[in-house]
A.B. asks: 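One structure follows; several queries about it will come next.
Quantities reported herein were computed from a predicted structural model and do not represent experimental measurements. Letters A, B, ... mirror the listed sequences (proteins, then strands); counts begin at 1. Hydrogens, waters and symmetry mates are skipped; everything else that's a heavy atom, side chains included, is used.
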Amino acid sequence: MLQVQVLKNDLVSVKKLLEKKGFKETGVVDEIISLDEERKKQTFNYDETKAKLNAASKEIGLLMRNGQKDEAEAKKKEVEELKQSLNPTEEKLKDAEKKLFNLLILLPNLPAEIVPEGKTPEENEVVRTGGSKPELYNGAVPHWELAKKYDLIDFETGNKITGSGFPVYKGKGAKLQRALIQYFLEYNTQAGYTEFLPPFMVNEASAFGTGQLPDKEGQMYHAKEDNFYLIPTAEVPLTNIYRDEILQESALPIKMTAYTPCFRREAGSYGKDVRGLNRLHQFDKVEIVQIVQAETSYEVLDQMVEHVEKLIQSLGLHYRILRLCGGDMSFASALTYDFEVYSAAQDKWLEVSSVSNFETFQTNRLKMRYKDANGKSQLAHTLNGSSLALPRILACILENFQTENGIHLPVVMHGYFGGEMI
RNA sequence: GGUGAGGUGGAUGAGUGGCUGAAAUCAGCAGUUUGCUAAACUGCCGUACGGGUUAAACUGUACCGAGGGUUCGAAUCCCUCCCUCACCGCCA
């Protein structure tokens, strides 16, 4: 959620930035500003009347104690009139506040200056490419066939017990998945991230805090009876750990990592790249989250990008890093880098990580602040990234390292997996 | 699921209608004192939104789990909901 003050400071640039993000109804911004004026005006009226009322009540108390009953009764009549005038003011105030809030939550975060213009994924900017493109042998096949051949993943059974997009990992497939999670967590904790194992369901306030609600309402699984949401990413429970808190500046940066399964309904994307592990309703992911001072967040973003890049490099995968264009970025993000890994048998780039700076967009909702050097509390910045999402990494490992004799795993995984080949 | 007890500032915890934005203690911050550490003493020490100011000072309102209600006046009384703890039942 943006701060009204930010909108007021530079109305023209804010509108331009919103348009860059693909938000067209910039008239909303004008409405917000006038509603804020109304809010202030009514706040003033309300407070003033309330002050008079409070003073009168105090007097009544005094009069009563002195036994001046008649005077007290007269005062009560006066108060009655004041109260009458308070009601409409209070209503106007509440109304303005509510309208203001409802409009504010519609606005996406403003994109950073270096975010490229554009509306579609094709307009994302390739920052750099790394690793080398694998040479496949003649009989190479896509990962879903390899999964079947080596009995690693059973999509049909997942279909039976739940539905499509809920694969069953089996034998060495399950073990490799576990080994990858273990490796990723280890890699993150060695870089100073504290490991967490958070709840996989969150309440409404948490889902709102990180921006999933109301923007992604239909994309989360919802347990209606308890009003809990299955997490679409560990970002939600992790970031919410510090909701409603004022942190000491010395406690920053806070660095967290967690493995969780992620649940996404993926409504509206049926039939699109859903083959095999490409797009699932439940998948595993190791996430990193940082809470930092405002001044350092872009530096930290670069560090996180580098952190993820090295992890992908260590797996020997061919990858590229994209700076997302305004139209392809998520609602809450100010700057996002996507990592895509080359899936050799599919001849496709698959997104395996998304690293973003949210600036104060989340912390404004979360009321997550810190006391700066002057003792003033200000909103912290939050960042997060995948490190890494499992299924597509698994798909690429299977495809890119397949040989006639089996799948030759990346060296770094040998120890974690307890073997070199599948 | 049943019964009982509770939800107060960073923590512990007092407070059953006005003198309570809230005692006290601890933690924290600043200072004084004493070779150092420690201790003692003094002061400060919630948040949000307004007014005010160059900035402060100062000042108004709201907030004692959440939302309603009673009252001139509510942390305090009433209602609804949420949560926590203890015991019982069920159970990984």
Side-chain angles (χ1 to χ4, degrees), chain A residues 1-9 32-105 197 199-209 213 222-229 237 240-252 254 261 291 360 363-380:
Chain A
M1 190 159 65
L2 295 170
Q3 295 160 274
V4 179
Q5 200 49 51
V6 171
L7 306 182
K8 277 188 177 170
N9 285 347
I32 286 174
I33 288 172
S34 75
L35 275 169
D36 191 55
E37 290 305 324
E38 173 72 6
R39 195 204 99 239
K40 272 194 197 175
K41 191 178 136 199
Q42 299 304 340
T43 300
F44 186 81
N45 290 343
Y46 178 84
D47 286 357
E48 225 177 27
T49 312
K50 206 68 214 270
K52 282 184 203 158
L53 269 172
N54 288 346
S57 290
K58 231 172 213 170
E59 275 183 59
I60 292 171
L62 280 172
L63 293 170
M64 298 281 265
R65 221 162 318 133
N66 294 338
Q68 297 168 273
K69 280 215 170 133
D70 296 344
E71 286 87 340
E73 286 305 318
K75 204 79 194 168
K76 277 192 196 179
K77 288 228 170 73
E78 235 177 81
V79 163
E80 199 55 43
E81 279 167 42
L82 272 174
K83 277 177 87 179
Q84 294 296 327
S85 73
L86 191 65
N87 290 337
T89 309
E90 190 176 3
E91 222 148 276
K92 278 187 210 161
L93 175 60
K94 281 192 176 168
D95 190 54
E97 278 175 343
K98 199 173 140 198
K99 280 187 184 152
L100 179 63
F101 177 79
N102 286 338
L103 289 182
L104 266 177
I105 59 173
L197 185 59
F200 301 159
M201 296 180 108
V202 295
N203 58 29
E204 202 178 337
S206 295
F208 174 79
L213 290 179
H222 185 211
K224 213 172 162 188
E225 190 141 26
D226 299 289
N227 198 20
F228 291 157
Y229 292 88
N240 272 283
I241 290 173
Y242 292 98
R243 166 152 52 90
D244 288 323
E245 294 207 15
I246 300 177
L247 301 155
Q248 292 299 319
E249 193 171 21
S250 59
L252 303 178
I254 290 169
I291 299 167
T360 59
T363 53
N364 190 30
R365 293 175 166 217
L366 292 161
K367 296 197 174 61
M368 190 196 295
R369 292 148 294 174
Y370 66 94
K371 286 239 193 260
D372 66 16
N374 302 321
K376 292 224 162 154
S377 67
Q378 55 171 300
L379 295 171

A.B. asks: For B:A75, which nucleotide is its Watson-Crick or G-U wobble mate, given both distances must be under 3.5 Å?
C.D. replies: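 Its partner: none found.
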A.B. asks: With both distances kept under 3.5 Å, what pairs with B:C63, Watson-Crick or G-U wobble?
C.D. replies: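 By the stated definition (distances under 3.5 Å), B:G46 pairs with B:C63.
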A.B. asks: With rounding to whole Å, what would you report as the distance between B:U16 and B:C78 at their C1' atoms?
C.D. replies: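 The same atom, C1', in both gives a distance of 14 Å.
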A.B. asks: Heavy-atom nearest nucleotide on RNA chain B for A:D47 versus A:K40: which residue maps closer to 5'?
C.D. replies: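 Closest to the 5' end, via its nearest nucleotide, is A:K40.
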A.B. asks: Return the residues of residues 83-91 of chain A meeting this criterion: a heavy atom under 4.0 Å from some atom of RNA chain B. Order them by number, or give none.
C.D. replies: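 Going residue by residue through residues 83-91 of chain A, the ones with a heavy atom under 4.0 Å of RNA chain B turn out to be A:K83.
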A.B. asks: Determine the Euclidean distance between corresponding P atoms of B:A86 and B:C36; express it in Å to zero decimal places.
C.D. replies: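 Per the computed distance, 48 Å lies between those P atoms.
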A.B. asks: Would you classify A:K371 as touching base, sugar-phosphate or nothing, given that sugar-phosphate means primed atoms plus P, OP1 and OP2, and contacts are heavy atoms under 4.0 Å?
C.D. replies: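 It contacts sugar-phosphate atoms only.
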A.B. asks: Please state the C1' separation for the pair B:G9 and B:G65 - nearest whole angstrom.
C.D. replies: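 One C1' to the other, the span is 14 Å.
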A.B. asks: Please list, one pair per line, the donor and acceptor atoms closer than 3.5 Å that link side chains of residues 242-250 of chain A to other protein atoms, with sequence neighbours excluded.
C.D. replies:
{"residue": "A:R243", "atom": "NE", "partner": "A:N240", "partner atom": "OD1", "Å": "2.7"}
{"residue": "A:R243", "atom": "NH2", "partner": "A:S206", "partner atom": "OG", "Å": "2.8"}
{"residue": "A:E249", "atom": "OE1", "partner": "A:A373", "partner atom": "N", "Å": "3.3"}

A.B. asks: According to the Watson-Crick and G-U wobble definitions, with both distances under 3.5 Å, which nucleotide is paired to B:G6?
C.D. replies: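 Paired with B:C83.
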A.B. asks: A:E73: which residues meet the side-chain contact (heavy atoms from CB on, under 4.5 Å) condition with it, sequence neighbours left out?
C.D. replies: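 So A:E73 forms a side-chain contact (heavy atoms from CB on, under 4.5 Å) with A:K76.
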A.B. asks: Please give the nucleotide sitting opposite B:G17 as a Watson-Crick or G-U wobble pair, both distances under 3.5 Å, or none.
C.D. replies: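 Across all strands, not a single nucleotide pairs with B:G17.
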A.B. asks: Could you check A:K50 against A:E80 and say which one's nearest nucleotide on RNA chain B is further toward the 5' end?
C.D. replies: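 It is A:K50, whose closest nucleotide lies nearer the 5' terminus.
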A.B. asks: If we ignore hydrogens and angles and just use 3.5 Å, is the side chain of A:T363 paired with the main-chain N or O of A:A380 as donor and acceptor?
C.D. replies: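 Yes; at least one donor-acceptor contact below 3.5 Å.
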A.B. asks: Give one of base, sugar-phosphate or nothing for A:K75, where a contact means two heavy atoms less than 4.0 Å apart.
C.D. replies: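 Nothing, no heavy atom under 4.0 Å.
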A.B. asks: Now, which nucleotide makes the Watson-Crick or G-U wobble pair with B:G1, with each of the two distances under 3.5 Å?
C.D. replies: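 When the pairing criteria are applied, B:C88 turns out to be the nucleotide that pairs with B:G1.
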A.B. asks: At under 4.0 Å between heavy atoms, what does A:L62 touch on the DNA or RNA strands: base, sugar-phosphate, or nothing?
C.D. replies: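 The residue A:L62 makes no contact with any strand.
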A.B. asks: Checking all strands, does A:A56 fall into the base, sugar-phosphate, or nothing category for heavy-atom contacts under 4.0 angstrom?
C.D. replies: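 Nothing, no nucleic acid heavy atom in range.
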A.B. asks: Could you tell me from which nucleotide to which nucleotide of RNA chain B, 5' to 3', there is an atom under 4.0 Å from chain A heavy atoms?
C.D. replies: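 First-to-last contact on RNA chain B, by the 4.0 Å heavy-atom rule, is B:G18 to B:G73.
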A.B. asks: Is there a Watson-Crick or G-U wobble partner for B:A56 with both distances under 3.5 Å, and which nucleotide is it?
C.D. replies: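 Across any shown strand, B:A56 pairs with none.
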A.B. asks: Pairs in or reaching into residues 365-380 of chain A: which pass salt bridge (charged side-chain N to carboxylate O under 4.0 Å, His left out), with residues at least two apart or in two chains?
C.D. replies: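 Applying salt bridge (charged side-chain N to carboxylate O under 4.0 Å, His left out) to every pair that reaches into residues 365-380 of chain A, excluding sequence neighbours, yields nothing.
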A.B. asks: With A:K58, which residues qualify under side-chain contact (heavy atoms from CB on, under 4.5 Å), at least two apart?
C.D. replies: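 None.
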A.B. asks: List in chain and number order the residues that pass side-chain hydrogen bond (donor to acceptor under 3.5 Å, both in side chains) with A:D226, two or more places apart in sequence or in another chain; answer none if no residue qualifies.
C.D. replies: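 For A:D226 there are no side-chain hydrogen bond (donor to acceptor under 3.5 Å, both in side chains) partners, ignoring immediate neighbours.
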A.B. asks: Which residue pairs pass the salt bridge (charged side-chain N to carboxylate O under 4.0 Å, His left out) test when at least one of the two sits in residues 44-57 of chain A, sequence neighbours left out?
C.D. replies: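 Residue pairs with at least one partner in residues 44-57 of chain A: there are none.
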A.B. asks: By the side chain to side chain donor-acceptor pair (under 3.5 Å) test, which pairs, at least two apart or in different chains, include something from residues 87-104 of chain A?
C.D. replies: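 Listed by first then second residue: A:D95-A:K99.
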